[in-house]
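See structure below.
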Amino acid sequence: MKYKNYHIEKIHDYLFEIPAVDNMLVPGRIYVTEKMMDTIIEEDESIQQVINVAQLPGIQKYSFGMPDIHWGYGFPIGGVAATDYKEGVISPGGVGYDINCGVRLARTDLTVDDIKPHLRKIIVNLFKNIPTGVGSSGAIRKLGDKDMKRLLREGMSWAVENGFGDSGDLENTEEKGVLKQAEPGAVSQRAIERGKPQMGTLGSGNHFLEVDVIDTIYLPNEAEILGLFKNQIVIQIHTGSRGCGYQICDDFLKILARASQKYHISLPDRQLACAPIGSQEGQDYLAAMAAGANFAWNNRQVIMSLAKKTIMETLFISPSDLNFSLVYDVCHNIAKIEKHKVEGKERKLCLHRKGATRAFPPKHPDLPPKYQEIGQPILIPGDMGRYSFVCVGTQKAMEETFGSTCHGAGRLQSRKKAKMMGKGRDLFNEMEKMGVFVLAKGYHTVAEEMPYAYKDVATVTDVMEKAGISRKVAKLKPIGVIKG
DNA sequence: ATGTCC
C-alpha cells in the first residue's frame, strides 16, 4: 500500500508495518486504523520519526508507534524502542523532556452522591493546597540539598518516610517508586536547585488533578481486584518531574550530542542524540534520568497525600470513612532496563517508552501480588471533559510490543489553534455545562486543554484492545479538575 | 512539557 511517500503494509485492521529499507535496521510498526493512518500522515512528521528511530544502533524487533502517536523531539510521542543493552544506544529523545511524566489513580469509598454537594469546595481547597502552573512552587517546605539527594537516589520512600502517604503506596507504584541506577552525582546542581521548591506541585499544560466518577465497568473481576466500583469517586493525577527533570534532559541532550560524534554514530536526525548504553555518557544519562524519575514519583506521591488530606478536612471525615488508597502509578516517559524474549532468547534491553505505558501481563514478577491475576493496571487519561480509562496488560503485549501500550488521547488542534478557539468565550462556564467544575491558573491553559482540542481517547484505547495489547477495565468521568 | 531565552 502506498501512503503519500511511504510504503506501508497492512498487517491487520489495527496494525501497519513499514518494511525496513535503506538505513532502517528494523521495520516500523504502528497500531492504528486505516483512517487514523490517513490523519497521522496528513498532520505531522511522526511516521518519518518512526523510520528514523528504526535506524538507532542496537534496536530490536520494531520501531513502534501507538495510536496516539504524534510529532515529538527526535522520537515520536507515542513511540516505543527497545535497544540491546550491550550493543545498543540510549537516547534522551526517547524519554522526553518530562522524565517520568506519568499518571496515578487513587480510590476512595465515597460515591458521587456523597461528594456532589461539596464538590466545589473540595476543588477550591485542592486548588489552594496544590500549586499549579508554570514555575509553581511552595506546596511543602523548600527542600535542602540533603533531602534532594536522598530522594533522587532512593525514590518514593523519601516521601513516605517524610509523612506523605503510606508505605503500602510503594507496592502500587511501577518499580516500587525507585529506579535503582539513580545517581544524584550525575545530576547538575542547577537541576537540583530547580527541584527544591517544586516538590508537590502540578505544573502546567496537560498536567492535572481530577476528581473522577467510575462511569462504566467493563471487566467486573478486574475492577473488584483494583478496588473500583460504579459511581465511586476516584482521584487521578497526571504530572512529572517539573523543572528538575526538564533540566536533566536539557543538560544531557548537549552531552549526548557530543557523544554521538565521539562514538561515530550516524543519525538521520540530530535530535536522536544518543550514546552506547555502556559508555560513560550513556551510563551518566541513565543515572541522571533515573534520579529525575525518582523526583517525579515523589512529586506524585506528595500531591496525592495533599489531596487526601484536603478531601478529609473539607468533608470532616476520618481516614477509615474515606478509605483512600493508591490503585497504581504508571510512567509514560521513561527508559527502563528490562529483560524480554527476542527470537526465543532472553535479552537485556533498554526500553524507551515515550508517551507510551508499560502493559505487563498477568503473573509478571514485577507486579504486586494482589494484581498478579489481572495483569498490570494501565492508566490512560483523556481530555478534561470526556473520560479516561483504566486498562490492564496482556501476554500479547509482552510478545508483540515489549509489554507496552498507548498513553492518552493526543491533540486534535495545536495549542495555538485551541487558544484562538477559546477567545471571547467563557470556557469555565462551558466546562461547567459539561458537568465539570474547573479551576486553573491561566485561561490560556484551559483553552489549550479544552475537549475540542483533543482526540477521543476511546478510539485510542479501542485500537489497543482490538489489537489484543491492553484491555479496558473501567471508564472514568471527570466532575472536578485543577490545572496549571 | 519547561523559571515557554543564560
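Throughout, protein chains are lettered first and strands after them, A, B, ... in sequence-line order, and every chain is numbered starting at 1.
- When each of I233(A), T108(A), D166(A), V234(A) is checked for a side-chain contact (heavy atoms from CB on, under 4.5 Å) with F324(A), only T108(A) meets the rule.
- Atom P of nucleotide dT4(B) and atom NZ of K419(A) are separated by 13 Å, given to the nearest angstrom.
- Near-neighbour residues of DNA chain B inside residues 131-143 of chain A, defined by a heavy atom below 4.0 Å, number-ordered: V134(A), G135(A).
- With I69(A) as the partner, the side-chain contact (heavy atoms from CB on, under 4.5 Å) test is satisfied by one option alone out of V460(A), D44(A), I77(A), I40(A): I40(A).
- When all heavy atoms of N333(A) and G355(A) are compared, the closest pair comes out as OD1-N, 3.0 Å.
- Remark: C1' of dT4(B) and NZ of K416(A) are 14 Å apart, rounded to the nearest angstrom.
- A straight line from CG of L202(A) to P of dT2(B) spans 9 Å, rounded to a whole angstrom.
- Taking atom CZ of R242(A) as the reference point, atom C1' of dT4(B) lies 13 Å away to the nearest angstrom.
- At whole-Å resolution of the value, CD1 in I248(A) and C1' in dT2(B) are 13 Å apart.
- Residue S241(A) is classed as having no contact, given no heavy-atom separation below 4.0 Å to the nucleic acid.
- Take the nearest nucleotide of DNA chain B for S204(A) and for D250(A): the residue whose nucleotide is more 5' is S204(A).
- As judged by a 4.0 angstrom heavy-atom cut-off over every strand, G205(A) is placed among residues touching the sugar-phosphate backbone only.
- Y14(A) has its ring centre no less than 6.0 Å from the ring centre of Y31(A).
- Going from atom OH of Y246(A) over to atom C1' of dC5(B) covers 9 Å, rounded to whole Å.
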Using distance only, find each side-chain donor-acceptor pair of residues 299-307 of chain A under 3.5 Å and give its atom names and separation, not counting sequence neighbours.
unit_1, atom_1, unit_2, atom_2, d
N299(A), OD1, G200(A), N, 2.7
N299(A), OD1, T201(A), N, 3.1
N299(A), ND2, T201(A), O, 3.0
N299(A), ND2, G240(A), O, 3.0
R300(A), NE, D329(A), OD1, 3.3
R300(A), NE, D329(A), OD2, 2.9
R300(A), NH1, N100(A), O, 2.8
R300(A), NH1, T239(A), O, 2.8
R300(A), NH2, N100(A), OD1, 2.9
R300(A), NH2, D329(A), OD1, 3.0
Q301(A), OE1, R104(A), NH1, 2.7
Q301(A), OE1, R104(A), NH2, 3.4
Q301(A), NE2, F164(A), O, 3.0
Q301(A), NE2, D169(A), OD2, 2.8

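- Ring planes of H332(A) and H238(A): perpendicular class, angle over 60° (limits at 30 and 60°).
- Across A54(A) and V26(A), no two heavy atoms sit closer than the pair CB-O, 3.3 Å.
- Among the protein residues, Q198(A) comes within range of the sugar-phosphate backbone only, with heavy atoms under 4.0 Å from sugar or phosphate atoms but none that close to a base.
- Spacing between atom CZ of R190(A) and atom C1' of dC5(B) amounts to 10 Å, rounded to whole angstrom units.
- Here dT2(B) presents its P atom at 20 Å from CZ of F252(A), a figure rounded to the nearest Å.
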